[in-house]
Protein chains: 2
Amino acid sequence: MLYIIGLGLFDEQDITVRGLKAIQSCDRVYLEAYTSILLVEKEKLEEIYGKPVIVADREMVEQQSDEILREAKTKNVAFLVVGDPYGATTHTDLELRARSEGIPVRAIHNASVMNAVGAVGLQLYNFGQTISMVFFTETWRPDSWYDRIAENSKIGLHTLVLLDIKVKEQSVENMARGRLIYEPPRYMTTMTAIEQLLDVHDLRMRKRDGDVDSDAEDEDQQKHKESTDGGDVVEAYNGDTLAVAVARLGSDSQEIRVGTLKSLRNVDLGKPLHSLVIVGKRLHMLERDIMREYAVDRDEFDLVVSRDYNL
Amino acid sequence: MLYIIGLGLFDEQDITVRGLKAIQSCDRVYLEAYTSILLVEKEKLEEIYGKPVIVADREMVEQQSDEILREAKTKNVAFLVVGDPYGATTHTDLELRARSEGIPVRAIHNASVMNAVGAVGLQLYNFGQTISMVFFTETWRPDSWYDRIAENSKIGLHTLVLLDIKVKEQSVENMARGRLIYEPPRYMTTMTAIEQLLDVHDLRMRKRDGDVDSDAEDEDQQKHKESTDGGDVVEAYNGDTLAVAVARLGSDSQEIRVGTLKSLRNVDLGKPLHSLVIVGKRLHMLERDIMREYAVDRDEFDLVVSRDYNL
């Protein structure tokens, strides 16, 4: 039997009783450690489980999946995943392979940021599609998420933005030289995410206007006007759009901050993991009331809500 | 301290270790029992918690919330919720009131159908807004969800449809006579949900065409033609749209069935709880491959996918 077990949001205590029992029946326990991270040491997990935990990075799962599945044919094997088992596509692949080899698969669910984000006071019913944002590099700046946010905001829905983590990444130089030396882990902050959001927004609006040399300040005014006039290219958001920045969701040190993208740009929420929500115009009064509690600047919040939101 | 604790999807084993510890620190434990249900007796919960559980129905929470909050001022009080604490608006209200009275609130997250639905093989990233469907009566047939599904399907996204449960409802007669006699609980099946979906779809299309007397069979053909031609009223779905029917998500008796709405119309998935997903046109190949495993009719599935989906 292959168990795919969600560990929940934060630490060793977020596992379910069902998940814990399943682990205790297992001969081998793998911890997936590349699509997300649990903010706790592996030793802590081993203590609570009473057995060794094998940390499985991307290479290992790709190279040793045959072995994992061979074990699961005759024994109970646990594959632990941060959040819910179906948060990332990777495990779907493992599950499909197991099924095709006739190995029974049992998923044990848990919280993931996709439902826990309700903690910020926004209704889960009012969220559109979720997007992921990766760290930009000099040469790689994927921004197709802009169109996804635009689709959501056009119908007034909120967008959950999941932020990149880089674990066990190699530098280009080390990769070229075949050296298995890894960079320290990096977790995207809401500050970096907002920089990237505003950069891409600027770029899109300049492209739309065929105006790549205009002064940013003047353009800001112009954009604001055009967003209400409509146009071919939809403005997904701008610096005045409300957002929610959240850190360490579900932990005792959880932080929630509400404000415009501009005003959250320099708000440092500290340690990982961070997430961001871009607030849609179909904002409900109850949502507004809770958000207001977390506003970094209540005067600005009230002004923006009364000016830009349908309330 | 007011703990709002998610119990997860199915039974007493789905609580997290963190949630269980919190309950053990509590002087009083309420179980919310009107927005969703756990498929287990309260006695089972009391056994695992080692303390009494007070079942709180809608009346009780509305009438006694003052008392719940008064207790939480000086003691630890647990408010248990099926799924995740933020699945329903009701608890948001309790949380807001607690905060305004200076009572510390701690939410303990868990799985809810909104993330666990990934188990059907569809990517959570490809879901649009979630909708709720209530039981129609002779006189009350709310269908604003049709427009929400249309918004999702216009951009190719999947829609999770949450199905009504009726617990402790009074008949009109008993209510009129002030008799506190309750009807047996009712849980909407995917069959009923599909009937309502197709009824509303027929109604909307007839209204659009100004044609309330046409024969349903002929109209089916006509609709299909029009959906590709476009028009003012968006067709959210039709009988040929793919859907996923799921029952008892997260339990050992979980059932998943895939097919067109027409072909799932008479598929009985047995005991509650049921949910339904309407599949959007932006279907990914990996999603298709997993869905196919659950198809009630693979020939029909292949035909519909190759004809109607962008794959």
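Each chain gets a letter, A, B and so on, in the order its sequence line appears, and its residues count up from 1.
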- Examine whether an atom of B/S251 lies under 4.5 Å from a heavy atom of chain A, and if so say whether it belongs to the side chain, the backbone or both; otherwise answer neither. backbone

Part of [X] lying under 4.5 Å from any heavy atom of chain B:
X      : answer
A/S100 : neither
A/K154 : neither
A/I15  : both

- For the candidates A/G6, A/G250, A/A119, A/S112, which exhibits the highest count of non-hydrogen atom pairs separated by less than 4.5 Å from chain B? A/A119

- Message: Looking only at heavy atoms and a cut-off of under 4.5 Å, which of A/L249, A/N126, A/D252 has the most pairs with chain B?
- Response: A/D252

- Residue list, side chain to side chain donor-acceptor pair (under 3.5 Å) with A/T130, at least two apart or on another chain: none

- Query: Within the side chain of B/Q123, is there an N or O that forms a donor-acceptor pair under 3.5 Å with the backbone of B/E287?
  - Reply: no

- Query: Can you tell me if B/Y309 uses its side chain to pair, donor with acceptor, with the backbone of B/R288 under 3.5 Å?
  - Reply: no

- Query: For chain A, which of B/Q254, B/H158, B/R148 has the most heavy-atom pairs under 4.5 Å?
  - Reply: B/R148

- Item | Verdict with supporting geometry, B/L122 and B/M291, side-chain contact (heavy atoms from CB on, under 4.5 Å) | CA-CA 8 Å; B/L122 297 171; B/M291 282 179 75; 3.6 Å; yes

- Message: Ignoring hydrogens, what is the shortest heavy-atom contact between A/V120 and A/I256? Give both atom names and the distance.
- Response: CA-CD1, 4.0 Å

- Evaluate the side-chain contact (heavy atoms from CB on, under 4.5 Å) criterion for residues B/E95 and B/L2: first the C-alpha distance (whole Å), next the side-chain angles of each, then the deciding distance (0.1 Å), finally the verdict. CA-CA 8 Å; B/E95 182 177 345; B/L2 175 66; 5.8 Å; no

- Does atom NZ of A/K21 have more than 12 heavy-atom neighbours, drawn from other residues, nucleotides or ligands, at distances under 6.0 Å? no

- Neighbour count above 12 (heavy atom, 6.0 Å) for B/K44 NZ: no

- Item | Test item: side-chain donor near acceptor, B/S132 and A/Y125, under 3.5 Å | yes

- Listed by residue number, which members of residues 103-111 of chain B have a heavy atom under 4.5 Å from any heavy atom of chain A? B/R106, B/H109, B/N110, B/A111

